[in-house]
**Q** 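To start, I am sharing the structure in question, which I have written as structure tokens.
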There are 4 protein chains.
Amino acid sequence: MTAADVDGFWAIIPTPAKEGADRWDATDTVDVDETARAIEDLIAKGVNGILTMGTLGEASTLTWPEKQAFMTAAVETARGRVPIFVGTSTLNTRDTIEQTRWASDLGADGTMLGPPFWCQASMDMAVQYFKDVAQACPDMAIAIYANMQAFKFAFSIPFWARVSQIPQVITAKLPPTPQMSAMKLVSGGRIRFMPIDNEYASVARSDPEFFSAFWSSSASCGPDVCIALRDRVIEAKKTGDWSAVTRLSDAMELAVAPLFPAGGPPEFATYNIILEKHRMNVAGWIKAGPTRAPYNHAPPHILEGAEKSGAAWAKLNKDVLAGNI
Amino acid sequence: MTAADVDGFWAIIPTPAKEGADRWDATDTVDVDETARAIEDLIAKGVNGILTMGTLGEASTLTWPEKQAFMTAAVETARGRVPIFVGTSTLNTRDTIEQTRWASDLGADGTMLGPPFWCQASMDMAVQYFKDVAQACPDMAIAIYANMQAFKFAFSIPFWARVSQIPQVITAKLPPTPQMSAMKLVSGGRIRFMPIDNEYASVARSDPEFFSAFWSSSASCGPDVCIALRDRVIEAKKTGDWSAVTRLSDAMELAVAPLFPAGGPPEFATYNIILEKHRMNVAGWIKAGPTRAPYNHAPPHILEGAEKSGAAWAKLNKDVLAGNI
Amino acid sequence: MTAADVDGFWAIIPTPAKEGADRWDATDTVDVDETARAIEDLIAKGVNGILTMGTLGEASTLTWPEKQAFMTAAVETARGRVPIFVGTSTLNTRDTIEQTRWASDLGADGTMLGPPFWCQASMDMAVQYFKDVAQACPDMAIAIYANMQAFKFAFSIPFWARVSQIPQVITAKLPPTPQMSAMKLVSGGRIRFMPIDNEYASVARSDPEFFSAFWSSSASCGPDVCIALRDRVIEAKKTGDWSAVTRLSDAMELAVAPLFPAGGPPEFATYNIILEKHRMNVAGWIKAGPTRAPYNHAPPHILEGAEKSGAAWAKLNKDVLAGNI
Amino acid sequence: MTAADVDGFWAIIPTPAKEGADRWDATDTVDVDETARAIEDLIAKGVNGILTMGTLGEASTLTWPEKQAFMTAAVETARGRVPIFVGTSTLNTRDTIEQTRWASDLGADGTMLGPPFWCQASMDMAVQYFKDVAQACPDMAIAIYANMQAFKFAFSIPFWARVSQIPQVITAKLPPTPQMSAMKLVSGGRIRFMPIDNEYASVARSDPEFFSAFWSSSASCGPDVCIALRDRVIEAKKTGDWSAVTRLSDAMELAVAPLFPAGGPPEFATYNIILEKHRMNVAGWIKAGPTRAPYNHAPPHILEGAEKSGAAWAKLNKDVLAGNI
């Protein structure tokens, strides 16, 4: 794969969990049937790619056998119809290589990968880490997982210049990020940066030739919104009329806003997994199930926002399907 | 074990690495012979306890088979003569429990354990995590590993009040920390807090009845300094004359100072492992060997301080043995 | 003024300093002649507005009589031909009101104003502060000065929703910022957000109807680049061809990049004033002069980047004038 | 003054405010009568020194004429019977010198002074700032005001080594701080570091020859507690029996604990002034009055802790006077 193969709507899905998965003595917690069902449904609707096993995908809390069970279900369901990116972030280079090779042998297309973070990585350490994984796993594409809170890492402009020299680094899953034109410039266009869904309208319009893909975890509250967004952007690029894109994007923004607690990014980072899975469970498209220990409880006032957001997105998804927006 | 069993000088040792351990394709990197030799020497000198597999012990970069090899060597060498605390911090409750149970079955006495940190833990999450591990591993003592940089956690006064309710939490490995009398107060004296070696003189003198143990990673540059410190404190508690303690403690402070780079705690946290192993290799008491990926390189100006510090401690150790201080 | 009056290219200028202004016993340090000359030249070239007395404008280090001297020179030179925004950020509400009223009486059009920061402000405190100043100074427009490092404040999406209810808050001087479409949405379009010059191309293209103004401190290294940028954007909005904009914007990015030291945003924040004034002095368009105490010295390796950047921008300015880009 | 002159109990008092002082249009807000009464009462009770115009003393929110009114009342009341330290922290070197000289001419003994903080100071900048002020104001002693949150500064061990070379730097107002023995070591004993009241017992016991002074803002909820603490420490140094000190210190700890909100140090830093003045108003020893804009409002749940703490300290003060502890 190259950056040119990263296009359109990339869904982020959770790792569905069976009842009781939140207990410390739980084993074999992956709901592989729901995993397969969700991926099949996404492909049927026309998703372009699937990202898994990031933060909300519980890379941190799955056991290795569970990761294997999930990856197997995902890759065997997709059967090459869309790219499947697994997540193989661990605490060190060698464990990541072992897991990435296993995924590569299974047939996964790529890995969404963050830098090591027990000790905050220097830029040299982070770049070398990605180089080592790329060298050890030549058949795997790499999506840089640019989560500053989790990985204690700044993902500065010079960082992108350096990792863009690694051929397998073809994309990056970005939080809302400024200076994306500078990032494109220094990386020579070799990395297809993916903004979040509700930033995609602005980013795509700012540079329609280059920014042609986005990620969405809200998609797991209802993927039709994202299909519509993708298709409206394609149409707007042709016609120059972005009004239908902006209308939808603004509605997405309002549906997502309640998800974020008053404490700002640090508080969201603490409750990220439970907030995301909770809103998905409320929205009803996927049975995300409970969250695994230790990220398995949150104060009620934190969860209220997730409920509002899940319900709002589910309604937006219906409105999109009904042609009401 | 109870807090009363935590006493005297607790050495922190690295996980000795064979040549080539810094490569991404290295396997079986633990130098078990050097592990056994170092532990045997510490016991011969009269160490009171041994802490392992924290940050500089490369908890983050050892593979699970390597952790098993190291723990086996450590526990089998000690044979119950001094308590061995392993380190079983992982990214989640279940993996930590699996590793802790394995260590417990092996005969380890306790685990030095930090809270989960992919998502910064809330206080509730952290406390529940320690409760779950304690419940699952009833024979293991727990030393709270209070590393704010690694675990993104504040270790506030109220936190200590709460974890002191868990009977297995009997000690804590602290960085230089203020408010230790408040921590003792809220934890009802059930946690024997261990300060770092060069803070021990002040802390012990401030409350001689309670603060009777300290940890030292500098011990792996020469343990005789720490034996002398422990014994001089015992003597000073009897005589009321702390001058020989202060003289030694001040010398320790000056030997350690060059280890810390100009960038302050964040820069030290990035290069922690390589700085510590490098100064140990320079000092010569233990063959710490290379550091494992990805924490296997640092700019030369960073390493200079480690060299100075290692040489200074080795000299101090000689001076102590020669009775020159 | 309303948001509709904020348009085009807004230059940020330093407070030119006489020889010796860096001494702690300096008095009357403002070079009013150079102030007048620079403003006259900017107006002659067609600048749309002028922002002053922010961080690089040394709001923190000017005495009150010096602020008065500078404001007088600026307002009397402009004579209403372009809006002049002074800076009246102080440590508290009442001092800010006193300075803002003085500026209002002088004839200044607005103030570029950050929230109070001895104690990090809560959102309620910050919003009330802007309300109080607006109420006390009804003739002054307010540009929110969104400097997170200086003011220890997050400038979150909900903040913009709240300050947009204050009629006098018509614009904001933003660092590179994501989520600008969300900020526009929640503020109802009542705040004309100004991005930095080298972000303007993307931001303007992402929403050409709304984002029609930018700020530039690089303008004080050569304002013709910014005039060209503004005019090319106007042209691109008509033709739909953004290639000449992107070409210029990319060149600006490369000229500015060396200004930022390796330590990232915190290091830039420490040396902000001296870096900016040094590159201006090197570029030669304005005699910025020395920086005032205590921000009057920096290590040589920090200043090297400023020299490169100043020279690069000066060259770019020549290339623009010569039609070479 | 030298470090040897810094001894015993140093009270921190607020700047008493008249009714209406919280309004943005308030003027002349200092309650000079209450200022004089409080200082007179402290001197009558035997205070050793008085620190003013720090954070809770509203250095940030007083106008310059108000600072002059307060300083005049304080210095004229004390009439040299105890040292009065004013606070002259401003945003820059020259304003600080102007205010410090004014205070020196008035007869103040010293200034409690923090480094500049609009731009976070480098260590060089901070050290030079203290040097400049010392040179310009040769008759003023300097207490380094080590507030990390307000001044964005780390106050590292090497910093203390450097400022200890400035003869006028004789003391420092410290938050709970580790590594005080290292700070003493590198500063050659030339700075009498003052810990907070409820840390004083441990610190004094850890090094009875050196640590002989503490500061207390709780003193403004009832100073008799602090007089008793000071005198019990003096007694314990003679007898070697610290039990009465520890008993009182633990009671102080429990009385102060509710003051700190759940959000930790950042949340305390935001509401510092209002929390402190609110508990003083509840405790009733001083009429602290309202807080000045913009730090004049806090959510009720934040204030509850201050109420508990104020009441608890007032009760402790009664218990001390009644000989019940």
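Note on naming: letters A, B, ... go to the chains in the order of the sequence lines (proteins, then strands), and numbering restarts at 1 for each one.
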**Q** Determine the minimum heavy-atom distance between B/A59 and A/W118, stating which atoms define it.
**A**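 Shortest heavy-atom separation between B/A59 and A/W118 comes out as CB-CH2, 3.8 Å.
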
**Q** Does some side-chain heavy atom of B/N92 sit less than 4.5 Å from a side-chain heavy atom of A/R292?
**A** no

**Q** Which donor-acceptor pairs under 3.5 Å do side chains of residues 262-271 of chain B form with protein atoms, sequence neighbours excluded?
**A**
residue, atom, partner, partner atom, Å
B/E267, OE1, B/G263, N, 3.0
B/T270, OG1, A/Q120, O, 2.9
B/T270, OG1, B/P266, O, 3.4

**Q** Taking atom NZ as the centre, does B/K287 end up with more than 12 heavy-atom neighbours from other residues, nucleotides or ligands that are less than 6.0 angstrom away?
**A** no

**Q** For A/T63 and B/D95, which heavy atoms make the closest approach, and how far apart are they?
**A** CG2-OD1, 3.8 Å

**Q** Taking side chain as everything from C-beta outward and backbone as N, CA, C, O, which of these in B/S89 sits under 4.5 Å from a heavy atom of chain A? Side chain, backbone, both or neither.
**A** both

**Q** Pick one of side chain, backbone, both or neither for B/A26, based on which atoms fall under 4.5 Å of a heavy atom in chain A.
**A**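 Looking at B/A26, backbone and side chain both touch chain A.
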
**Q** Does B/Q165 CD have over 12 foreign heavy atoms under 6.0 Å away?
**A**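 Enclosed: over 12 neighbouring heavy atoms sit under 6.0 Å from CD of B/Q165.
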
**Q** Of all of A/T93, A/N272, A/T90, which one pairs up most often with chain B through heavy atoms under 4.5 Å apart?
**A**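 Between A/T93, A/N272, A/T90, the count favours A/T93.
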
**Q** Which of residues 135-147 of chain B get closer than 4.5 angstrom to chain A, counting heavy atoms alone?
**A**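 Under the 4.5 Å heavy-atom cut-off, B/Q135, B/A136, B/Y145 qualify.
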
**Q** Could you tell me which non-hydrogen atom of A/Y295 sits nearest to which non-hydrogen atom of B/F117, and how far apart they are?
**A**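 Nearest heavy atoms, A/Y295 then B/F117: OH-N, 3.5 Å.
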
**Q** Check whether B/A150 gets within reach of chain A through its side chain, its backbone, both or neither, counting any heavy atom under 4.5 Å.
**A**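 The answer is both parts of B/A150.
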
**Q** Specify which of B/E58, B/H297, B/Q149, B/Q128 makes the most heavy-atom pairs with chain A at under 4.5 Å.
**A**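 When all of B/E58, B/H297, B/Q149, B/Q128 are compared, B/H297 has the most.
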
**Q** Check each atom of B/R23 against the heavy atoms of chain A and say whether the ones under 4.5 Å are side chain, backbone, both or neither.
**A** backbone

**Q** Distance-only, no hydrogens or angles: does the A/R94 side chain make a donor-acceptor pair with backbone N or O of B/A293 under 3.5 Å?
**A**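 No, A/R94 side chain to B/A293 backbone: no donor-acceptor pair under 3.5 Å.
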
**Q** Could you check whether atom NZ of A/K308 has more than 12 heavy atoms from other residues, nucleotides or ligands sitting under 6.0 Å from it?
**A**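 Atom NZ in A/K308 is not packed in, count stays at 12 or less.
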
**Q** Heavy-atom distance under 4.5 Å between the side chains of A/P294 and B/D132, does that happen here?
**A**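 Of all side-chain heavy-atom pairs linking B/D132 with A/P294, none is under 4.5 Å.
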
**Q** Are the side chain of B/K152 and the backbone of A/K152 linked by a donor-acceptor contact shorter than 3.5 Å?
**A**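 No, B/K152 side chain to A/K152 backbone: no donor-acceptor pair under 3.5 Å.
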
**Q** Could you give me the CA-CA distance, side-chain angles and deciding distance for A/W64 and B/W64, then say whether side chain to side chain contact (heavy atoms under 4.5 Å, CB included) is met?
**A** CA-CA 12 Å; A/W64 176 227; B/W64 176 228; over 6 Å; no

**Q** Is the distance between the ring centroids of A/W24 and B/Y129 under 6.0 Å?
**A**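 No, too far apart.
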
